[in-house]
Amino acid sequence: MARMNGRSRAAYGNVLVAALILALTYLITSVIVCTMVTAPRYKYAVGDTVEKTIYATKTIENELATEYLRNSARASVANIYMIDEPLITKQLERLDAAFASLSQVRAEANSILSSAGESSKLPTTAEGWLEKLEPSQIQALLKNVELPISQGQLLSVLASKDDEIQLLKNIVMPKISTNLGMLASDKLKSVKELCTRELYAAEGVNDELKAIGALMFEIYLVPTYIVDDEATEAAREEAALAVEPQVIEAGSVLVAEGTTLTAAQYDMLVKLKLVRDDGSDTGMYVGAALMLLAAFTTFGAYMLLCGKNVFNAREMLIICASVIISTALAWACSLLSVKLMPCLIAPIIVALMIGEMPAYAVSLLMGAVLSLMAGGKGADAMLGENAGVMCFMAPIGGFVAVTLLRNSTKRARVISAAVAGGGACMFIDAAACVLHGVSLLNTVIDLAWVFGGSLIAAVFCAGTLPVWENVFNAATSARLSELTMNHPLIKRLMTEAPGTYHHCTNVAALAFGAAQAIGANAELARAGALFHDVGKLRRPQYFKENQRSGENIHDTLPPKESAAIIIAHQQDGATLLARNKLPAPVVRIAAEHHGNSLMAYFYHKAKAERDGNLVEAKDFRYNGSRPSTAESAIVMLADCCEAAVRSLGSTDREAVEELVKKVISSKYADRDDMLMNSPLTLSEITIIEKSFLKTFYGLMHERVEYPDAKDSQGVK
C-alpha cells in the first residue's frame, strides 16, 4: 500500500509539473500574441514631419482619394435638359394678355373722349391724343397696360389703327410661340436679335409699335430648354456611387518618411488606432489572453482526460516547446506576410516525438493561436479575414501532415508530409480568395506565401528532428528504424553472443507483430526486443543459448551465484544502453523486461540443495520494475514465451498453444501480477496471445526444461 501511495504521489506530481509547463507555455504564447496584435503608436500632429514611414495595419478606405474621384465623376456628367412646357404656356398667356391690354386701353381712351362729347372726332396722331387726355388719365391708362411702355408708345398705340395693332400681333405672336418651343439660354440673344430685325423690316407698322414688339420679344422670349436639375443630380450621384472606394491595403505605405502629415492622413491614423493618445490596449490584451486561456484550457483538459499517458512532464515539455517555437517563428515570418506563418511545425514535431492523437490536438490549438495572430492589429484583432482563413488552414493542414506521418520510418517522409499539409493549406487559402473576390494575381501571391510557410516547416522539422530526439531522448520511428539496422551493440551480439542475438531477433518478431495487432508502437516494441538482452554481453557464456552443447557453467556454480549472474543482465543491459545513448523508452524496456519476477529454476534448485534449509526468495528475484508501458509488457511476454517454447523441444501445435497460454496467464494471474502497472487490457492480452502463435513456428531452439510451465523463466 505504501508503494502504491508513493506511485500515486509521483504520478500526481508528474501531472502537476505537466500542468505548470502548460501554464507557462500559455503565458509565453500570450506575450507573443499580444506583441503580434499590438499596433505601433505615433505622437504626431497635423503639419508635423514624419520621421519614419508609417504602414497601414489593416486595409482602410482612403476617403480623400475616393471623394476626389467621385467629384470628378460628378463633374464628368453633362447637364440633362428638358422643355419647360408650363413656362411656354405661361409666357404665351402673358403675351396674349399684353395684346388684350393694348386693346383694352384703346377702348378706355375712346370711352373717355366719348364721355366728353368728342367721340366723333378721335385723334389720329399721338399729339392729338396728348391734347385730348389729361396727364392723370394717361397715367391711369399706362397702369392698365401689361407692358412697361412709355407715354409716347401709349399715345402711338392710341393713334394707331386697328389693322396696325392686329398686324403687330400677327408678326410678334408666331415668332414668340415658335421660338419658345425649344429655346436654350445660349441661343436666347441671337433669337431675340433675329426676331427684332425681322420685325423692323416689316411694313405697315409704325416705329413706335415696332418698339413695343421688340419689347415683347425681350420680355416673353425666355429659355424654355432648361437643365433638369433633379435628373442631372441623380445622374451625377449615380456616377459618383459607381466609383469604387479607394483603399490602402494592409502593409502599404500610409505616410512616407520625410513628408508632412496632412489632416486626411491624421484622420486615417486615428481610425487605425495608431495615435498614441487614442486609448489603452488593456481591453485588447485581456480579450486575447482570455481567448488563449480558453484554447489552452480545452487542450489541457483533452490531454488529461483522453491522453493520460501523454499528460506528463516529459511529453508536455515536448508539446509546449514545439508550440512556443512554432508561435515565435510565426511571429517572425509575419513580418513579411501573415500567410507565411508556418502552422505545421508543432503538429509534425509532436506526431514524430509523441504520437498521432496528441498531434491532432496540437493542430487545433495552433489553429486558435495563429488565427488570433493573423487577424490584425489593435482593436480590430481577430476581425480580419486572415483570422478565419488561418483558423481553417492550421488544423486541416496539420491533420493532413500528421496522417501522412503515420507509421513512417523514414526521415524524408517529414518533407513530403509538410508539403502535403501545405497543399491543403493552399487549397483553403485559394477558396478564401475566391470567396472574397481576390484578383488572380493577388491569389497567386497569397498561395506562394502559404507554400513558403510549408517549406519552412518542412526544412525546420527535418533539420531539427535529430536535435529533438537527442535533447528529449525520444524514440521516434525513424530513429528506432535506424537503431535496429546497424547499431554497434547489435553487431556485438551477433559476434559475441550469437545465441542471444538469435533469441532477440525471435522476440523482436513476436513483439512487432503483437504491437501492431493491438495498435501499440510496433517499432518501439521491436527495438526494445532487439536490445533487451544486451546485458548478456558482459558474461555471454553464462547463458545457455551461447554455450556449446553439453557445457553448462551453472552446473558448477551454487544456485544463488548463478541467479545473481543471470539477474544482473537486466540492470547491465539498461546501463549499457544508457551509456550508448539509446532512447529512454528502449532503456526502459530493457530494465523492465523481467520486472521483479522470481528466478524459479534456480530458486527450486536452491531449495532442493539446501535440503529443507531456509532459502530467501528475494535472493532469486530480478531487481527491476514491472512493465509500465504496453510495449514493455509485450516484450516481457514475448521474451518469456520464446524461452518457454524453445525449451519445450516440441513443434506440436497444441502443446505450443497450451504453453503460450500458461506463460502469459502466469504473468497476470498469480500473486506477482507482472502486468499490473501496464495499460494492457484482457482483450489486448488475448490478441497478443493469438499474434504470438502466428509467429512462433520456426523460432524454437533448445532450452533448459523448466519444473513447471508457470515458472518458465529460467536460464536463457
Side-chain angles (χ1 to χ4, degrees), residues 18-19 21-30 32-33 36-37 287-311 315-331 334 338-339 341-375 381-382 384-406 417-418 420-429 431-432 450 453-454 457 461:
I21 293 172
L22 185 62
L24 180 61
T25 304
Y26 159 72
L27 294 176
I28 295 173
T29 305
S30 297
I32 296 174
V33 170
M36 177 77 176
V37 301
L290 290 176
M291 294 181 74
L292 288 174
L293 179 62
F296 274 86
T297 302
T298 303
F299 173 78
Y302 170 79
M303 297 304 296
L304 182 61
L305 297 176
C306 303
K308 296 180 180 179
N309 294 332
V310 179
F311 203 89
E315 273 71 15
M316 194 56 64
L317 187 60
I318 294 174
I319 292 173
C320 291
S322 67
V323 169
I324 292 173
I325 291 173
S326 184
T327 305
L329 283 176
W331 173 84
S334 69
V338 293
K339 298 292 182 69
M341 293 194 297
C343 59
L344 304 178
I345 290 178
I348 290 176
I349 291 297
V350 173
L352 293 171
M353 299 287 291
I354 301 177
E356 186 177 348
M357 297 311 295
Y360 289 141
V362 169
S363 296
L364 294 172
L365 177 63
M366 291 308 300
V369 173
L370 296 182
S371 62
L372 185 58
M373 294 175 67
M382 272 301 287
E385 63 184 49
N386 288 328
V389 176
M390 188 59 70
C391 190
F392 278 86
M393 274 175 46
I396 293 177
F399 277 41
V400 171
V402 171
T403 302
L404 290 178
L405 287 173
R406 182 183 297 168
C425 292
M426 291 173 68
F427 177 82
I428 298 298
D429 189 61
V450 173
S454 68
C461 294

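Keep in mind the model is a prediction, meaning the values are calculated, not measured. Computed from heavy atoms alone, side chains included, the values below leave out hydrogens, waters and symmetry copies.
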Checklist line | Contact summary for V402 and A359, nearest pair of heavy atoms | finding: CG2-CB, 3.6 Å
Item checked: Shortest non-hydrogen contact between G421 and L344, atoms and distance -> C-CD1, 3.8 Å
Item checked: L22 versus G300, closest heavy-atom pair with distance -> CD2-CA, 3.6 Å
Margin query: Contact between F399 and L364 at the side-chain level, heavy atoms closer than 4.5 Å - yes or no?
Written below: yes
Note to self: With a sphere of 6.0 Å drawn around CZ of F392, does it hold more than 12 non-hydrogen atoms of other residues, nucleotides or ligands?
What the structure shows: no
Item checked: From OG1 (T297) to CG (L304), nearest 0.5 Å -> 12.0 Å
Margin query: Pair L372, M390 - check side chain to side chain contact (heavy atoms under 4.5 Å, CB included), show working.
Written below: CA-CA 9 Å; L372 185 58; M390 188 59 70; over 6 Å; no
Note to self: Once rounded to the nearest 0.5 Å, what's the spacing between atom CD1 of I324 and atom CD1 of I21?
What the structure shows: 10.0 Å
Notebook entry, point to check: Does S326 use its side chain to pair, donor to acceptor, with the backbone of V323 at less than 3.5 Å?
Noted result: no
Next item on the list: Output the distance between atom CG (L24) and atom CE (M316), rounded to the nearest 0.5 Å.
Entry: 12.5 Å
Note to self: Working to the nearest 0.5 angstrom, can you tell me the gap between S322 OG and I348 CD1?
What the structure shows: 11.0 Å
Notebook entry, point to check: How close do S454 and A418 get, heavy atom to heavy atom, and via which atoms?
Noted result: CB-O, 3.7 Å
Next item on the list: Grab the two heavy atoms, one from M303 and one from P358, that are nearest each other, plus how far apart they are.
Entry: CE-CB, 3.8 Å
Check: Could you give the distance from OG1 (T327) to CG (L365), rounded to the nearest 0.5 Å?
Finding: 8.0 Å
Check: Rounded to the nearest 0.5 Å, what separation is found between the OG atom of S371 and the CE atom of M366?
Finding: 10.0 Å
Checklist line | Closest approach of A394 to G367 (non-hydrogen atoms, all atoms of both residues) | finding: CB-CA, 3.5 Å
Item checked: I345/C461 under side chain to side chain contact (heavy atoms under 4.5 Å, CB included): CA gap, chis, key distance, verdict -> CA-CA 6 Å; I345 290 178; C461 294; 4.3 Å; yes
Check: When you look at F299 and V362, which way does the side chain to side chain contact (heavy atoms under 4.5 Å, CB included) test go after all the steps?
Finding: CA-CA 8 Å; F299 173 78; V362 169; 3.8 Å; yes
Next item on the list: With sequence neighbours left out, write down each residue that passes ring pair (Phe, Tyr, Trp, His ring centres under 6.0 Å) with Y26, or none if nothing qualifies.
Entry: F296
